[in-house]
There are 2 protein chains.
Amino acid sequence: MADLASPLALMVRKLEIHTPLQPDDREALLSLPHTLKTYEPSAYLVREGEAPEQCAVLLSGFAFRQKLTGQGMRQIVSMHIPGDALDFQHLFLDIADHNVQTLTRADVATIPRTALRNLARSRSAIGNAIFVSTLVEGSISREWVLNVGRRDARSRLAHLLCEFAVRLDVLGLAGDQGYELPMSQEQLADALGLTAVHVNRTIKSLEADGLITRNRRRISFPRWDALRDLADFSTRYLHLEHAR
Amino acid sequence: MADLASPLALMVRKLEIHTPLQPDDREALLSLPHTLKTYEPSAYLVREGEAPEQCAVLLSGFAFRQKLTGQGMRQIVSMHIPGDALDFQHLFLDIADHNVQTLTRADVATIPRTALRNLARSRSAIGNAIFVSTLVEGSISREWVLNVGRRDARSRLAHLLCEFAVRLDVLGLAGDQGYELPMSQEQLADALGLTAVHVNRTIKSLEADGLITRNRRRISFPRWDALRDLADFSTRYLHLEHAR
DNA sequence: CGTTTAATTGAAAGCAGTCAAACTATGTGG
DNA sequence: CCACATAGTTTGACTGCTTTCAATTAAACG
């Protein structure tokens, strides 16, 4: 399809999962001015305290949002996959309240904040789509509070794996054979509020129970239903009711 | 001031903390159709899985958002104070992904979803204000993930107390002598990802260190700076840069 | 007052953290 | 192709924060 010609096509497709767009809206998004850049793993895209003038969109690779405590402990507060916009926040908030980093090498499109903001204002369907996308991120964040606050290590890890699997699958980025989990065990620990050592033990425990299989960082799910049950995972909070 | 004549005045004031509004926008908000109702403590305002047709605004009293695990453990994912709108989510998402409950007896104004949505669409300043308000809630949610994921019980509790104090103070609802904390220790536990027993011990530990003083549920802060330091608390994530 | 709910305390158990070391994979330069 | 460096994974032993279970005390309520 012609859409795939534009680097922003995946972002548009992702927005349309929650909010259908008319062809002219789609066109307007696809023809937003933008520059392309490839970042190395762990590169900072946004730093807490700064005032981003650009809106970064992830085209390939993975990224995450992260906050640090005063003593330097890190908490990853969300994960991002290709197609995710990483800066919708900063269309309307000036100062970044968290850091955004690449997880892997990543291709990123950078859109001037004002161009996107004007588009959101002039075309209400686009404004809606951006708003809804932000709301879904908020819902995911609430689920993370629940996950970190009330589930034990096994369920917590299983939940993260399920979320990742479903989010990738919705965009057709997960194979039938599971997916390549791009996170080190230390990064998993920071996302789960655990230590790397305990993540290691927890992974091996899931593996021992036959709930996951690993080969390098490729993970597959021989007993998806059992993993979903252990994770206490439901897709409701992802708001996929209009997907497909 | 005349504004205070409308029950929605506090909500408007709260929106204006982040987004200044013109008089006509303010008028439009204040004259939104709405009904008033008083709820008892623990009353459900929104239930997960339902499709709210109304937008609830808290006029007096307190409320919280909450999710349950499959095994019935509860996690409070956000706290709400007078002036907070509890349903901006549902202007654009159909299905509720969490529960909303009153904490105390509370006066609530209920605005038809469509009326508010139309206003948000027709007046871009109001749409902005609602968006920004949602973004700030997202920021608070990220801070909660950090709080629950990476701080120990003492800092975690201290952080919650600091957040509450500042949010109340911004609206002029906290006295110099601290404030009436409307939560039971069990509710605190559910907000912090701890057990009620441990919350009790942690409160007493802060008290023993002279960081807080209690009288019934009234809490005051004789050594605010020390508490803030222990809590690792900064107001940045509340995005109050335009307040006052 | 009697009843119920919330707060408090003690003792014991457990999940996860800490510390330290060994092992594996990957990559680089000679 | 091997020696070496680096980053990530794995394992063991021990510690400790938080939970669990149970019982007591205090406060709130009709």
**OP:** Please determine, by modelled atom types, if B/T69 and A/D232 share a side-chain donor-acceptor pair under 3.5 angstrom.
**Re:** no
Original post:
What nucleotide, of C/dA7, D/dT20, D/dT10, holds the atom closest to the side chain of B/R217?
Top reply: C/dA7
Subject >> Rounded distance (Å) that lies between atom P of D/dC17 and atom CZ of B/R151 >> reply: 18 Å
**OP:** Kindly say if B/K204 contacts the phosphate of C/dT9, meaning a side-chain N or O under 4.0 Å from OP1 or OP2.
**Re:** yes
Subject >> Side-chain touch A/V57/A/L86, heavy atoms, less than 4.5 angstrom >> reply: no
Subject >> Nucleotide of C/dA6, D/dA13, D/dT9 approaching B/S184 most closely (side-chain heavy atoms) >> reply: C/dA6
Subject >> side-chain contact (heavy atoms from CB on, under 4.5 Å) partner of A/F62, chosen from A/D84, A/T102, A/L168 >> reply: A/L168
**OP:** Measure from NE2 on A/H198 to P on D/dT15 and round the result to the nearest Å.
**Re:** 19 Å
Original post:
Any side-chain N or O of A/N200 under 4.0 Å from OP1/OP2 of D/dT10?
Top reply: yes
Original post:
How are the rings of B/Y179 and B/F164 set relative to one another: parallel (under 30°), tilted (30 to 60°) or perpendicular (over 60°)?
Top reply: tilted
Subject >> Gap separating the NZ atom of B/K14 from the CG atom of B/L8, nearest 0.5 angstrom >> reply: 14.0 Å
Original post:
Going by distance alone, is a donor N or O of one side chain under 3.5 Å from an acceptor N or O of the other, for A/H159 and A/E143?
Top reply: yes
Subject >> Nucleotide nearest A/R201 (side chain, heavy atoms from C-beta), chosen from D/dA13, C/dA16, C/dG10 >> reply: D/dA13
Subject >> Nucleotide D/dC29, atom P - distance to CZ of B/R105 in whole Å >> reply: 11 Å
Original post:
Could you give the CD-to-P distance, from A/E186 to C/dT18, as a whole number of Å?
Top reply: 12 Å
**OP:** Tell me which residues in residues 63-82 of chain A put a heavy atom below 4.0 Å from DNA chain C, sorted by number, or none.
**Re:** none
**OP:** Run through A/Q75, A/Q101, A/E48, A/R74 and flag the one making a side chain to side chain donor-acceptor pair (under 3.5 Å) with A/Q66.
**Re:** A/Q101
Subject >> Option among A/T195, A/D190, A/T202, A/N200 that satisfies the side chain to side chain donor-acceptor pair (under 3.5 Å) test with A/Q185 >> reply: A/N200
Original post:
Can you check the B/L157 CG to D/dC17 P distance for me, whole Å?
Top reply: 17 Å
Original post:
Donor-acceptor pair under 3.5 Å: do we get one between B/R154's side chain and the base of D/dT18?
Top reply: no
Original post:
Do B/R154 side-chain atoms and B/L230 backbone N/O form a donor-acceptor pair below 3.5 Å?
Top reply: no
**OP:** May I have the distance from B/N215 (atom CG) to D/dA26 (atom C1'), rounded to whole angstrom?
**Re:** 14 Å
**OP:** Select base, sugar-phosphate, or nothing to describe what A/A196 touches, counting heavy atoms under 4.0 Å on all strands.
**Re:** nothing
Subject >> Touch class at under 4.0 angstrom, heavy-atom based, for B/R156 against every strand present >> reply: nothing
Subject >> Nearest-nucleotide comparison on DNA chain C, the residue closer to the 5′ end among A/L194 and B/V197 >> reply: B/V197
Original post:
To the nearest 10 degrees, what angle separates the axes at the start and end of the helix from C/dC1-D/dG30 to C/dG30-D/dC1, five pairs each?
Top reply: 50°
Original post:
Within the side chain of A/R156, is there an N or O that forms a donor-acceptor pair under 3.5 Å with the backbone of A/L192?
Top reply: yes
Original post:
Taking the side chain of A/D152 as its heavy atoms from C-beta onward, which of C/dA16, D/dT9, C/dA7 lies nearest to it?
Top reply: C/dA16
**OP:** Please tell me which of the listed nucleotides, D/dT18, C/dC19, D/dC21, lies nearest to the side chain of B/A153?
**Re:** D/dT18
Original post:
B/Q185 CD to C/dT9 C1': how many Å, rounded?
Top reply: 12 Å
**OP:** Measure the distance from CZ on B/R150 to P on C/dT18 and round it to the nearest whole Å.
**Re:** 9 Å
**OP:** Identify whether any heavy atom of B/I203 sits under 4.0 Å from a base atom; if not, whether one sits that close to sugar-phosphate; answer base, sugar-phosphate or nothing.
**Re:** nothing
Original post:
Considering only heavy atoms and no angle criterion, is a donor-acceptor pair shorter than 3.5 Å present between the side chain of A/R216 and the base of D/dG8?
Top reply: no
Original post:
Any side-chain heavy-atom pair from B/E163 and B/W144 closer than 4.5 angstrom?
Top reply: yes
